[in-house]
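Per chain, numbering begins at 1; letters A, B, ... match sequence-line order.
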2 protein chains.
Amino acid sequence: MGKVFTHMTMSLDGFIADPHDGIGELFEWYEGGEVSVPSATSDRSLQVDEAGAQVLHEWIDNTGALIAGRHLFDMTNGWDDKHPMGAPVVVVTHHAPENAAERWPNTTFVGDVTTAISEAKRIAGDKNVTIASTTIIQQALDLGLVDEVCVSLVPVLFGEGVSYFGELAKGHLLLDDPVVVPGRRATHLSYPVRR
Amino acid sequence: MGKVFTHMTMSLDGFIADPHDGIGELFEWYEGGEVSVPSATSDRSLQVDEAGAQVLHEWIDNTGALIAGRHLFDMTNGWDDKHPMGAPVVVVTHHAPENAAERWPNTTFVGDVTTAISEAKRIAGDKNVTIASTTIIQQALDLGLVDEVCVSLVPVLFGEGVSYFGELAKGHLLLDDPVVVPGRRATHLSYPVRR
(Lines give C-alpha, C1' and ligand atoms only; values in the text may rest on other atoms or scores of the structure.)
Protein backbone atom coordinates (compact mmCIF):
# COMPACT_ATOMS: atom_id res chain seq x y z
CA MET A 1 0.00 0.00 0.00
CA GLY A 2 1.31 3.45 -0.93
CA LYS A 3 1.51 6.50 1.30
CA VAL A 4 -0.42 9.74 1.35
CA PHE A 5 1.77 12.75 0.55
CA THR A 6 1.18 16.45 0.41
CA HIS A 7 3.38 18.63 -1.77
CA MET A 8 3.42 22.38 -2.25
CA THR A 9 5.91 25.05 -3.26
CA MET A 10 5.88 27.55 -0.39
CA SER A 11 7.45 30.90 0.48
CA LEU A 12 9.67 30.96 3.58
CA ASP A 13 6.78 32.65 5.43
CA GLY A 14 4.30 29.89 4.63
CA PHE A 15 2.35 31.00 1.55
CA ILE A 16 1.66 29.02 -1.64
CA ALA A 17 0.07 31.98 -3.48
CA ASP A 18 -0.65 35.65 -2.96
CA PRO A 19 -4.19 36.70 -1.87
CA HIS A 20 -5.29 36.68 -5.55
CA ASP A 21 -3.91 33.17 -6.32
CA GLY A 22 -0.82 34.65 -8.02
CA ILE A 23 2.30 32.54 -7.67
CA GLY A 24 4.79 35.40 -7.83
CA GLU A 25 8.38 34.12 -7.64
CA LEU A 26 7.47 30.65 -6.32
CA PHE A 27 8.10 28.66 -9.49
CA GLU A 28 11.48 30.02 -10.51
CA TRP A 29 12.86 26.58 -9.64
CA TYR A 30 10.87 25.18 -12.61
CA GLU A 31 12.79 27.42 -15.03
CA GLY A 32 16.32 27.97 -16.25
CA GLY A 33 17.77 24.70 -14.95
CA GLU A 34 20.00 22.31 -16.87
CA VAL A 35 17.75 19.21 -16.65
CA SER A 36 14.56 18.73 -18.68
CA VAL A 37 11.69 16.98 -16.94
CA PRO A 38 8.97 16.32 -19.54
CA SER A 39 5.28 16.83 -18.80
CA ALA A 40 2.92 13.89 -19.35
CA THR A 41 0.56 16.11 -21.30
CA SER A 42 2.48 18.52 -23.53
CA ASP A 43 5.72 19.12 -25.37
CA ARG A 44 6.64 21.68 -22.75
CA SER A 45 9.24 20.50 -20.24
CA LEU A 46 10.21 21.85 -16.89
CA GLN A 47 13.84 23.03 -16.79
CA VAL A 48 15.12 22.32 -13.31
CA ASP A 49 18.44 21.84 -11.54
CA GLU A 50 19.73 18.40 -10.45
CA ALA A 51 18.06 18.73 -7.05
CA GLY A 52 14.73 19.68 -8.63
CA ALA A 53 14.99 16.81 -11.13
CA GLN A 54 15.65 14.33 -8.31
CA VAL A 55 12.64 15.57 -6.36
CA LEU A 56 10.31 15.75 -9.35
CA HIS A 57 11.23 12.26 -10.59
CA GLU A 58 10.70 10.73 -7.17
CA TRP A 59 7.37 12.49 -6.97
CA ILE A 60 6.13 11.80 -10.51
CA ASP A 61 7.37 8.21 -10.71
CA ASN A 62 5.75 7.23 -7.41
CA THR A 63 2.42 9.07 -7.57
CA GLY A 64 -0.50 6.83 -8.56
CA ALA A 65 -3.31 9.29 -7.92
CA LEU A 66 -3.76 12.97 -7.08
CA ILE A 67 -6.37 14.67 -4.94
CA ALA A 68 -7.47 18.22 -5.70
CA GLY A 69 -10.10 20.60 -4.38
CA ARG A 70 -12.80 22.16 -6.53
CA HIS A 71 -11.07 25.56 -6.66
CA LEU A 72 -7.90 24.13 -8.19
CA PHE A 73 -9.96 21.93 -10.51
CA ASP A 74 -11.89 24.97 -11.78
CA MET A 75 -8.74 27.11 -12.13
CA THR A 76 -7.17 24.51 -14.43
CA ASN A 77 -10.38 23.33 -16.14
CA GLY A 78 -9.66 19.95 -14.57
CA TRP A 79 -6.32 19.81 -16.43
CA ASP A 80 -8.48 18.88 -19.47
CA ASP A 81 -8.83 15.45 -17.82
CA LYS A 82 -5.10 14.73 -18.04
CA HIS A 83 -2.87 15.97 -15.23
CA PRO A 84 0.73 16.92 -16.16
CA MET A 85 1.96 14.32 -13.68
CA GLY A 86 0.24 11.57 -15.66
CA ALA A 87 -1.83 10.30 -12.70
CA PRO A 88 -5.63 10.20 -12.36
CA VAL A 89 -7.22 12.98 -10.29
CA VAL A 90 -9.82 12.67 -7.54
CA VAL A 91 -11.71 15.93 -6.94
CA VAL A 92 -13.43 16.76 -3.66
CA THR A 93 -16.60 18.73 -4.36
CA HIS A 94 -20.16 18.94 -3.06
CA HIS A 95 -21.52 19.13 -6.60
CA ALA A 96 -19.80 17.49 -9.57
CA PRO A 97 -19.71 19.76 -12.64
CA GLU A 98 -22.28 19.25 -15.42
CA ASN A 99 -21.60 16.37 -17.80
CA ALA A 100 -18.62 15.42 -15.65
CA ALA A 101 -18.51 11.80 -16.84
CA GLU A 102 -18.29 12.93 -20.49
CA ARG A 103 -16.00 15.94 -20.12
CA TRP A 104 -13.61 14.42 -17.53
CA PRO A 105 -13.92 10.62 -17.90
CA ASN A 106 -10.59 9.94 -16.15
CA THR A 107 -11.43 12.20 -13.19
CA THR A 108 -13.32 11.00 -10.11
CA PHE A 109 -15.64 13.29 -8.14
CA VAL A 110 -16.36 12.59 -4.48
CA GLY A 111 -18.06 14.49 -1.69
CA ASP A 112 -15.57 14.44 1.18
CA VAL A 113 -11.89 14.11 2.03
CA THR A 114 -12.03 10.68 3.66
CA THR A 115 -13.75 9.19 0.61
CA ALA A 116 -11.29 10.97 -1.68
CA ILE A 117 -8.31 9.43 0.09
CA SER A 118 -9.72 5.90 0.11
CA GLU A 119 -10.73 6.18 -3.55
CA ALA A 120 -7.33 7.66 -4.50
CA LYS A 121 -5.55 4.85 -2.61
CA ARG A 122 -7.60 2.28 -4.52
CA ILE A 123 -6.66 3.91 -7.84
CA ALA A 124 -2.99 4.30 -6.85
CA GLY A 125 -2.55 0.67 -5.78
CA ASP A 126 1.05 0.27 -4.63
CA LYS A 127 1.91 3.84 -5.59
CA ASN A 128 1.43 6.98 -3.51
CA VAL A 129 -1.40 9.46 -3.30
CA THR A 130 -0.47 13.16 -3.52
CA ILE A 131 -2.79 15.88 -2.24
CA ALA A 132 -2.32 19.12 -4.16
CA SER A 133 -4.85 21.58 -2.68
CA THR A 134 -4.37 23.39 0.61
CA THR A 135 -8.01 23.11 1.73
CA ILE A 136 -7.90 19.33 1.28
CA ILE A 137 -4.45 19.08 2.87
CA GLN A 138 -5.65 20.95 5.95
CA GLN A 139 -8.65 18.62 6.38
CA ALA A 140 -6.53 15.50 5.77
CA LEU A 141 -3.97 16.64 8.37
CA ASP A 142 -6.76 17.18 10.92
CA LEU A 143 -8.12 13.70 10.12
CA GLY A 144 -4.67 12.12 10.64
CA LEU A 145 -4.66 10.75 7.08
CA VAL A 146 -1.34 12.21 5.85
CA ASP A 147 1.90 10.16 5.98
CA GLU A 148 4.37 12.71 4.65
CA VAL A 149 4.40 16.50 4.30
CA CYS A 150 6.59 17.78 1.43
CA VAL A 151 7.60 21.38 0.87
CA SER A 152 9.67 23.04 -1.82
CA LEU A 153 10.71 26.03 0.30
CA VAL A 154 11.41 29.14 -1.78
CA PRO A 155 13.71 32.01 -0.70
CA VAL A 156 11.09 34.74 -0.80
CA LEU A 157 8.81 36.40 1.76
CA PHE A 158 5.23 37.09 0.62
CA GLY A 159 3.89 38.81 3.78
CA GLU A 160 0.32 37.66 3.01
CA GLY A 161 -1.51 35.15 0.86
CA VAL A 162 -2.84 31.60 0.80
CA SER A 163 -1.35 29.54 3.62
CA TYR A 164 -0.08 25.99 2.96
CA PHE A 165 -1.16 24.70 6.34
CA GLY A 166 -3.70 27.11 7.84
CA GLU A 167 -5.19 26.49 11.25
CA LEU A 168 -5.14 23.06 12.86
CA ALA A 169 -8.21 21.56 14.54
CA LYS A 170 -6.23 19.47 17.03
CA GLY A 171 -3.32 21.65 18.11
CA HIS A 172 0.34 21.22 17.28
CA LEU A 173 1.21 18.50 14.76
CA LEU A 174 4.63 16.90 15.24
CA LEU A 175 6.68 15.85 12.24
CA ASP A 176 9.89 13.82 12.09
CA ASP A 177 13.14 15.31 10.81
CA PRO A 178 13.01 15.89 7.05
CA VAL A 179 14.95 14.58 4.11
CA VAL A 180 16.64 17.78 2.86
CA VAL A 181 17.54 18.36 -0.81
CA PRO A 182 19.02 21.85 -1.27
CA GLY A 183 18.41 23.28 -4.75
CA ARG A 184 18.49 26.49 -6.77
CA ARG A 185 15.53 28.72 -5.78
CA ALA A 186 14.02 25.95 -3.63
CA THR A 187 15.07 23.81 -0.66
CA HIS A 188 13.12 20.56 -0.90
CA LEU A 189 11.99 19.14 2.46
CA SER A 190 10.08 15.89 3.08
CA TYR A 191 8.74 15.42 6.62
CA PRO A 192 7.18 12.14 7.81
CA VAL A 193 4.19 12.85 10.05
CA ARG A 194 4.98 11.52 13.53
CA ARG A 195 2.73 8.66 14.65
CA MET B 1 31.74 46.54 9.28
CA GLY B 2 29.59 43.62 10.41
CA LYS B 3 26.25 42.59 9.01
CA VAL B 4 22.73 42.77 10.38
CA PHE B 5 21.24 39.31 10.99
CA THR B 6 17.90 38.09 12.16
CA HIS B 7 17.61 34.72 13.84
CA MET B 8 14.58 32.84 15.10
CA THR B 9 13.55 29.25 15.73
CA MET B 10 10.36 28.78 13.70
CA SER B 11 7.75 26.09 13.11
CA LEU B 12 7.38 24.87 9.52
CA ASP B 13 4.23 26.99 9.26
CA GLY B 14 5.97 30.20 10.25
CA PHE B 15 5.42 30.69 13.99
CA ILE B 16 8.01 31.46 16.69
CA ALA B 17 5.54 31.05 19.58
CA ASP B 18 1.92 30.11 20.20
CA PRO B 19 -0.64 32.91 20.74
CA HIS B 20 0.30 33.04 24.46
CA ASP B 21 4.09 33.28 23.87
CA GLY B 22 4.54 29.56 24.61
CA ILE B 23 7.38 27.93 22.71
CA GLY B 24 5.89 24.43 22.60
CA GLU B 25 8.23 21.98 20.84
CA LEU B 26 10.39 24.67 19.20
CA PHE B 27 13.48 24.31 21.39
CA GLU B 28 13.90 20.55 21.41
CA TRP B 29 17.03 21.14 19.34
CA TYR B 30 18.58 22.82 22.43
CA GLU B 31 18.22 19.59 24.43
CA GLY B 32 19.47 16.02 24.38
CA GLY B 33 22.34 16.58 21.95
CA GLU B 34 25.91 15.33 22.36
CA VAL B 35 27.68 18.72 22.28
CA SER B 36 27.66 21.23 25.14
CA VAL B 37 27.51 24.89 24.22
CA PRO B 38 27.99 26.94 27.40
CA SER B 39 25.95 30.03 28.16
CA ALA B 40 27.79 33.29 28.87
CA THR B 41 25.71 33.86 31.98
CA SER B 42 25.17 30.62 33.85
CA ASP B 43 26.49 27.14 34.48
CA ARG B 44 23.70 25.75 32.35
CA SER B 45 24.76 24.62 28.88
CA LEU B 46 22.74 23.92 25.79
CA GLN B 47 23.04 20.29 24.66
CA VAL B 48 22.84 20.32 20.88
CA ASP B 49 23.85 18.09 17.98
CA GLU B 50 26.88 18.80 15.76
CA ALA B 51 24.77 20.87 13.36
CA GLY B 52 23.31 22.91 16.19
CA ALA B 53 26.75 23.46 17.72
CA GLN B 54 28.12 24.66 14.38
CA VAL B 55 25.26 27.12 13.96
CA LEU B 56 25.31 28.34 17.57
CA HIS B 57 29.09 28.89 17.57
CA GLU B 58 28.99 30.83 14.31
CA TRP B 59 26.19 32.91 15.74
CA ILE B 60 27.61 33.48 19.23
CA ASP B 61 31.22 34.03 18.16
CA ASN B 62 30.28 36.62 15.53
CA THR B 63 27.55 38.61 17.28
CA GLY B 64 28.79 41.91 18.73
CA ALA B 65 25.39 43.32 19.72
CA LEU B 66 21.77 42.22 19.97
CA ILE B 67 18.60 44.17 19.33
CA ALA B 68 15.40 43.30 21.20
CA GLY B 69 11.92 44.76 21.48
CA ARG B 70 10.37 45.86 24.75
CA HIS B 71 8.12 42.81 25.00
CA LEU B 72 11.05 40.39 24.94
CA PHE B 73 13.02 42.63 27.29
CA ASP B 74 10.15 42.61 29.79
CA MET B 75 9.59 38.85 29.47
CA THR B 76 13.24 38.17 30.40
CA ASN B 77 13.69 41.07 32.84
CA GLY B 78 16.29 42.35 30.41
CA TRP B 79 18.30 39.15 30.87
CA ASP B 80 19.41 40.73 34.18
CA ASP B 81 21.63 42.99 32.06
CA LYS B 82 23.69 40.04 30.74
CA HIS B 83 22.42 38.21 27.67
CA PRO B 84 23.27 34.47 27.43
CA MET B 85 25.05 35.19 24.14
CA GLY B 86 27.48 37.47 25.92
CA ALA B 87 26.79 40.50 23.74
CA PRO B 88 25.35 43.89 24.79
CA VAL B 89 21.65 44.46 24.09
CA VAL B 90 19.98 47.46 22.47
CA VAL B 91 16.27 47.71 23.33
CA VAL B 92 13.76 49.57 21.18
CA THR B 93 11.16 51.21 23.40
CA HIS B 94 9.21 54.47 23.55
CA HIS B 95 9.82 54.72 27.28
CA ALA B 96 12.92 53.35 29.00
CA PRO B 97 12.09 51.53 32.26
CA GLU B 98 12.59 53.30 35.57
CA ASN B 99 16.16 53.52 36.84
CA ALA B 100 17.29 51.89 33.60
CA ALA B 101 20.85 53.18 33.83
CA GLU B 102 21.28 51.66 37.29
CA ARG B 103 19.42 48.37 36.82
CA TRP B 104 20.68 47.60 33.28
CA PRO B 105 23.95 49.56 32.88
CA ASN B 106 25.11 47.41 29.94
CA THR B 107 21.81 47.76 28.07
CA THR B 108 21.06 50.64 25.70
CA PHE B 109 17.53 52.03 25.26
CA VAL B 110 16.58 53.81 22.04
CA GLY B 111 13.29 55.01 20.55
CA ASP B 112 13.24 53.56 17.04
CA VAL B 113 14.57 50.75 14.87
CA THR B 114 16.87 52.82 12.68
CA THR B 115 18.62 54.29 15.72
CA ALA B 116 18.80 50.83 17.31
CA ILE B 117 20.59 49.39 14.29
CA SER B 118 23.10 52.23 13.99
CA GLU B 119 23.78 52.13 17.74
CA ALA B 120 24.11 48.31 17.70
CA LYS B 121 26.50 48.51 14.73
CA ARG B 122 28.62 51.02 16.62
CA ILE B 123 28.76 48.71 19.65
CA ALA B 124 29.43 45.59 17.52
CA GLY B 125 32.33 47.12 15.58
CA ASP B 126 33.57 44.48 13.15
CA LYS B 127 31.16 41.89 14.51
CA ASN B 128 27.53 41.33 13.50
CA VAL B 129 24.29 42.66 14.89
CA THR B 130 21.53 40.12 15.56
CA ILE B 131 17.88 41.17 15.87
CA ALA B 132 15.96 38.83 18.17
CA SER B 133 12.39 40.22 18.29
CA THR B 134 9.84 39.73 15.52
CA THR B 135 8.35 43.22 15.75
CA ILE B 136 11.80 44.76 15.28
CA ILE B 137 12.71 42.27 12.54
CA GLN B 138 9.57 43.15 10.60
CA GLN B 139 10.31 46.88 10.77
CA ALA B 140 13.98 46.36 9.87
CA LEU B 141 13.02 44.24 6.83
CA ASP B 142 10.62 46.95 5.66
CA LEU B 143 13.39 49.54 6.09
CA GLY B 144 15.82 47.42 4.04
CA LEU B 145 18.27 47.25 6.95
CA VAL B 146 18.68 43.44 7.20
CA ASP B 147 21.56 41.64 5.46
CA GLU B 148 20.76 38.04 6.34
CA VAL B 149 17.64 36.19 7.50
CA CYS B 150 18.37 33.06 9.59
CA VAL B 151 15.84 30.42 10.54
CA SER B 152 16.13 27.27 12.62
CA LEU B 153 13.18 25.49 11.00
CA VAL B 154 11.51 22.98 13.33
CA PRO B 155 9.50 19.94 12.20
CA VAL B 156 6.22 20.92 13.84
CA LEU B 157 3.05 22.71 12.70
CA PHE B 158 1.57 25.19 15.17
CA GLY B 159 -1.52 26.26 13.21
CA GLU B 160 -1.56 29.68 14.89
CA GLY B 161 0.71 31.91 16.91
CA VAL B 162 3.27 34.69 16.67
CA SER B 163 4.58 35.00 13.11
CA TYR B 164 8.33 35.39 12.46
CA PHE B 165 7.83 37.67 9.47
CA GLY B 166 4.29 39.07 9.59
CA GLU B 167 3.06 41.43 6.90
CA LEU B 168 5.45 43.31 4.64
CA ALA B 169 5.01 47.00 3.89
CA LYS B 170 6.64 46.86 0.46
CA GLY B 171 5.43 43.57 -1.07
CA HIS B 172 7.46 40.45 -1.72
CA LEU B 173 11.01 40.37 -0.39
CA LEU B 174 13.46 38.29 -2.40
CA LEU B 175 16.18 36.32 -0.66
CA ASP B 176 19.15 34.47 -2.13
CA ASP B 177 19.51 30.70 -1.81
CA PRO B 178 20.31 29.70 1.77
CA VAL B 179 23.21 27.96 3.44
CA VAL B 180 21.52 24.77 4.68
CA VAL B 181 22.66 22.90 7.83
CA PRO B 182 20.35 19.92 8.49
CA GLY B 183 20.16 18.99 12.17
CA ARG B 184 18.17 17.02 14.70
CA ARG B 185 14.81 18.74 15.40
CA ALA B 186 15.88 21.80 13.35
CA THR B 187 17.03 22.54 9.82
CA HIS B 188 19.21 25.66 9.98
CA LEU B 189 18.80 28.04 7.03
CA SER B 190 20.68 31.31 6.41
CA TYR B 191 19.32 33.47 3.58
CA PRO B 192 21.14 36.58 2.34
CA VAL B 193 18.63 39.35 1.54
CA ARG B 194 18.83 40.06 -2.20
CA ARG B 195 20.05 43.56 -3.04
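- The minimum heavy-atom distance linking A/L153 with B/L189 is given by the pair CD2-CD1, 3.9 Å.
- Residue with the most contacts toward chain A among B/V149, B/V151, B/L141, B/V180: B/V180 (heavy-atom pairs, distance under 4.5 Å).
- Residue pairs meeting the ring pair (Phe, Tyr, Trp, His ring centres under 6.0 Å) criterion with at least one partner in residues 125-147 of chain A, sequence neighbours excluded, are absent.
- Taking each heavy atom of B/L168 and A/L157 in turn, the nearest pair found is CD1-O, 3.5 Å.
- Residue pairs meeting the ring pair (Phe, Tyr, Trp, His ring centres under 6.0 Å) criterion with at least one partner in residues 119-138 of chain B, sequence neighbours excluded, are absent.
- B/V90 and B/V113 fall within the same hydrophobic cluster, where Ile, Leu, Val, Met, Phe, Trp and Tyr residues are linked whenever their side-chain heavy atoms come under 4.5 Å apart, directly or through other members.
- Neither B/V181 nor B/F5 shares a network with the other; the hydrophobic side chains, linked directly or stepwise wherever heavy atoms of I, L, V, M, F, W or Y lie under 4.5 Å apart, form separate groups for each.
- Only the backbone of B/A186 comes within contact range of chain A, with heavy atoms under 4.5 Å apart.
- By the criterion of side-chain heavy atoms lying less than 4.5 angstrom apart, applied directly or through intervening Ile, Leu, Val, Met, Phe, Trp or Tyr residues, B/I16 is grouped together with A/M10 in one hydrophobic cluster.
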Are there donor-acceptor atom pairs under 3.5 Å between chain A and chain B, and if so which?
{"from": "A/E25", "atom 1": "OE1", "to": "B/H172", "atom 2": "ND1", "distance (Å)": "2.8"}
{"from": "A/P155", "atom 1": "O", "to": "B/L175", "atom 2": "N", "distance (Å)": "3.0"}
{"from": "A/L157", "atom 1": "N", "to": "B/L173", "atom 2": "O", "distance (Å)": "2.9"}
{"from": "A/L157", "atom 1": "O", "to": "B/L173", "atom 2": "N", "distance (Å)": "2.9"}
{"from": "A/H172", "atom 1": "ND1", "to": "B/E25", "atom 2": "OE1", "distance (Å)": "2.9"}
{"from": "A/L173", "atom 1": "N", "to": "B/L157", "atom 2": "O", "distance (Å)": "2.9"}
{"from": "A/L173", "atom 1": "O", "to": "B/L157", "atom 2": "N", "distance (Å)": "2.9"}
{"from": "A/L175", "atom 1": "N", "to": "B/P155", "atom 2": "O", "distance (Å)": "3.0"}
{"from": "A/L175", "atom 1": "O", "to": "B/R185", "atom 2": "NH1", "distance (Å)": "3.0"}
{"from": "A/L175", "atom 1": "O", "to": "B/R185", "atom 2": "NH2", "distance (Å)": "3.1"}
{"from": "A/D177", "atom 1": "OD1", "to": "B/R185", "atom 2": "N", "distance (Å)": "2.8"}
{"from": "A/D177", "atom 1": "OD2", "to": "B/R185", "atom 2": "N", "distance (Å)": "3.2"}
{"from": "A/R185", "atom 1": "N", "to": "B/D177", "atom 2": "OD1", "distance (Å)": "2.8"}
{"from": "A/R185", "atom 1": "N", "to": "B/D177", "atom 2": "OD2", "distance (Å)": "3.2"}
{"from": "A/R185", "atom 1": "NH1", "to": "B/L175", "atom 2": "O", "distance (Å)": "2.9"}
{"from": "A/R185", "atom 1": "NH2", "to": "B/L175", "atom 2": "O", "distance (Å)": "3.1"}

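- Both B/V110 and B/V146 belong to a single network of hydrophobic side chains, linked directly or stepwise wherever heavy atoms of I, L, V, M, F, W or Y lie under 4.5 Å apart.
- B/L12 touches chain A through backbone and side chain together, each having a heavy atom under 4.5 Å away.
- The hydrophobic cluster containing B/V37 also contains B/L26, counting ILVMFWY residues as joined when their side-chain heavy atoms lie under 4.5 angstrom apart, directly or transitively.
- Of all the listed residues (B/P155, B/G24, B/G14), the one sharing the greatest number of non-hydrogen pairs under 4.5 Å with chain A is B/P155.
- Interface remark: B/V193 contributes no atoms to any contact with chain A (heavy atom separation under 4.5 Å).
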